[in-house]
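Reading through the structure tokens given below for one structure.
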Amino acid sequence: MIKVWDYLKEYELLREDILSAVDEVFKNGTLIFGPKLDEFEEKFSTYHECKYGIGVGNCTDAITIALKAFDIGAGDEVITTSNTAVPTVTAIVNTGASAKFVDINQYSLMDVDRLENFINKKTKAIVPVHLYGQMCEMDKIMEIAKKHNLKVIEDCAQSHGATYKNKKAGSIGDAGCYSFYPTKIFGAYGDGGFISTNNEKLYDRMKRIRFLGMEKKKMSSGHWNGKYYAVEHGTNSRLDEVHAAILLKKLPYLDEWINRRRQIGKRYNDELKNLDIELPLEHPDNKHAYYIFVVAHPDRDKIMSKLSKKNIHLNISYPWPIHIMDAYRHFVCSSCTCLTKTEEMAKKIFSLPMYPTLTDDEQGIVIKELKKLI
Ligand SMILES: Cc1ncc(COP(=O)(O)O)c(C=O)c1O
């Protein structure tokens with residue numbers, strides 16, 4: 001069987017390292033907020049060219065925390081795209097703000113030429129989603145944000161290690177938010193998330209919000225160096241020591257794994273280019289990290305079910321744009337015509353197997369079977 005995603009082969013390769021990392025944490029006696037998290041926060045933010053980093057429970061929390069640290073909440077609007085994973089919007093709505101959706105361009109990314117149409121007095125932030133492993137046009141986004149005094153929180157859940165004009169995902173906006181959900185380019189063995197920033201004040205506030213809005217305060221009795229005291233309302237979202245330790249073992253491989261993804265992407269592009277199928281475009285300013293390899297065909301459901309019978313499993317990310325789902329349709333008007341490209345793509349996109357341990361033979365079978373069908 002060829003899976004659309006698989007972690008078991010990676011685990012086979014790293015098993016001893018991972019188990020020894022877990023054992024080290026268990027023996028060390030600190031399970032939350034310890035030396036592994038400190039080291040990981042330093043190394044992962046440095047990798048993404050940022051001065052500060054905060055490990056959190058997941059990327060949904062990361063985006064919410066970053067927005068809350070800018071006091072974004074009820075009555076405010078945040079602009080993003082609708083062809084994203086639900087959590088991008090969950091995170092915005094968690095703050096009390098409303099989401100506004102811009103249509104996408106030929107790269108399936110925020111169409112920056114339409115962005116300004118959605119800015120009004122209530123707009124406080126933009127959440128560009130670096131979807132499928134490719135970054136949005138950040139120069140234009142930052143220029144528009146500056147002009148209208150908006151914050152930019154990059155959703156990097158799908159784009160660890162990707163670059164735009166040689167700058168890493170998460171290093172350009174006010175903050176970058178990453179997911180370590182197991183399927184991601186850089187996945188944990190459970191949930192995990194991260195926020196990076198170059199802004200020290202923002203870092204301090206996000207760190208406080210991550211941990212129940214608390215800071216250490218001296219007791220008047222003089223006992224203790226400091227006990228936790230809630231300075232503001234926060235949340236509880238922590239990356240634990242076990243996961244920080246596992247991710248530290250994985251980090252040295254990230255570039256190699258992205259290169260392998262790009263190699264797999266190149267082969268798909270080369271060998272499928274003469275078929276009647278839409279292939280993903282890489283923007284000339286970008287280094288695509290190929291979280292997933294998304295193609296489009298009007299008969300995708302037929303193609304998927306035929307390949308599934310041959311034990312080749314494909315996926316759809318995502319079959320429904322956010323703005324048509326019951327939970328969020330109130331963010332657009334009932335006769336909305338602004339999101340035509342988003343809606344058109346959702347009907348025909350699907351993704352091919354893409355992960356560093358996919359073998360050349362397995363990829364060859366996927367290509368051969370697709371050629372037979374299309
Ligand atoms: C684009 C995008 N944003 C945010 C998230 C949320 O990540 P997490 O599952 O870590 O909360 C995901 C994960 O599915 C995602 O793909």
Side-chain angles (χ1 to χ4, degrees), residues 4-5 7 40 44 48 53-68 78-95 99 101-102 104 107-110 125-136 138 141 152-162 169-170 173 175-196 206 209-210 235-240 243-244 246-247 250 261 280 288-294 315-323 325 327-328 342 345-346 349 351 354-355:
V4 72
W5 171 76
Y7 80 94
F40 180 69
F44 191 75
H48 281 95
I54 304 173
V56 291
N58 52 68
C59 184
T60 316
D61 285 351
I63 299 169
T64 304
I65 292 168
L67 291 169
K68 280 191 168 171
V78 176
I79 302 177
T80 189
T81 33
S82 179
N83 67 334
T84 184
V86 170
T88 309
V89 179
T90 311
I92 293 169
V93 177
N94 279 347
T95 67
F101 302 111
V102 186
I104 52 171
Y107 303 98
S108 288
L109 299 169
M110 180 178 280
I126 306 166
V127 177
V129 183
H130 303 321
L131 201 72
Y132 304 153
Q134 174 161 231
M135 288 178 67
C136 301
M138 288 305 292
I141 291 174
V152 177
I153 309 298
E154 297 177 58
D155 182 340
C156 312
Q158 304 193 359
S159 58
H160 317 70
C177 299
Y178 312 79
S179 171
F180 303 135
Y181 183 76
T183 61
K184 300 302 187 208
I185 290 176
F186 189 64
Y189 285 72
D191 274 312
F194 202 87
I195 319 171
S196 64
M206 293 192 298
I209 295 174
R210 153 185 82 170
T235 187
N236 184 2
S237 188
R238 302 179 289 223
L239 183 69
D240 61 60
H243 273 105
I246 293 173
L247 291 169
K250 290 184 69 170
R261 284 174 183 274
H288 201 315
Y290 288 111
Y291 166 53
I292 47 180
F293 192 91
V294 178
N315 195 17
I316 306 175
S317 296
Y318 299 94
W320 300 286
I322 306 291
H323 71 277
M325 295 189 197
Y328 302 114
T342 302
M345 292 311 289
I349 48 168
S351 31
M354 167 60 83
Y355 39 95

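Remember, it's 1-based here, ligands and their atoms both numbered in the order they're listed.
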Short version for Cys59: what comes under 4.0 Å of ligand 1, heavy atoms counted, is both

(request) For ligand 1, find out whether one of its N or O atoms is nearer than 3.5 Å to an N or O atom of Asp191. (result) no

Per-atom filter on ligand 1: closer than 4.0 angstrom to a heavy atom of Thr88 are 1 (C), 2 (C), 3 (N)

Given the options Leu109, Ile63, Thr80, Val129 meets side-chain contact (heavy atoms from CB on, under 4.5 Å) only with Thr80

### Message
Could you check whether any side-chain heavy atom of Ile141 comes within less than 4.5 Å of a side-chain heavy atom of Ile126, counting everything from C-beta outward?
### Response
yes

re atom 2 (C) of ligand 1, the protein heavy-atom contact at minimum distance is Ala157 CB, 3.4 Å

among protein heavy atoms, the one nearest atom 11 (O) of ligand 1 is Thr60 OG1, 2.5 Å

When rounded to the nearest 0.5 Å, the distance separating CG of Asp61 from CG of Asn236 is 9.0 Å

Using a 6.0 Å cut-off, check whether atom OH of Tyr328 has over 12 heavy atoms from anything other than its own residue. yes

Under 4.0 Å between heavy atoms, the region of Asp155 that gets near ligand 1 turns out to be side chain

Under 4.0 Å from one or more heavy atoms of Lys184, ligand 1 contributes atoms 12 (C), 13 (C), 14 (O), 15 (C), 16 (O)

(message) If we only consider heavy atoms of Phe194, is any one of them less than 4.0 Å away from an atom in ligand 1?
(response) no

Thr84, any N or O under 3.5 Å of ligand 1 N or O | no

Review point. Given Tyr355 and Thr183, is the side-chain hydrogen bond (donor to acceptor under 3.5 Å, both in side chains) satisfied, shown in steps?
Key: CA-CA 9 Å; Tyr355 39 95; Thr183 61; over 6 Å; no

Honestly, for Tyr291 the part within reach of ligand 1 (heavy atoms, under 4.0 Å) is neither

Looking at Ser179, Cys177, Pro87, Ser159, the heavy atom closest to atom 6 (C) of ligand 1 belongs to Pro87

At under 4.0 Å between heavy atoms, what of Val129 touches ligand 1? The answer is side chain

Say whether His130 and Ser159, considering side chains only, have a donor N or O and an acceptor N or O under 3.5 Å apart.
no

message: Counting the benzene-type ring for Trp, do Trp320 and Tyr318 have ring centres under 6.0 Å apart?
response: no

ask   = Hey, do the aromatic rings of Phe44 and Tyr178 have their centres closer than 6.0 Å?
value = yes

Quick note on ligand 1: atoms under 4.0 Å from a heavy atom of Tyr318 include exactly 16 (O)

Self-check item: Ring centers of Phe180, Phe40 separated by less than 6.0 Å
Solution: yes

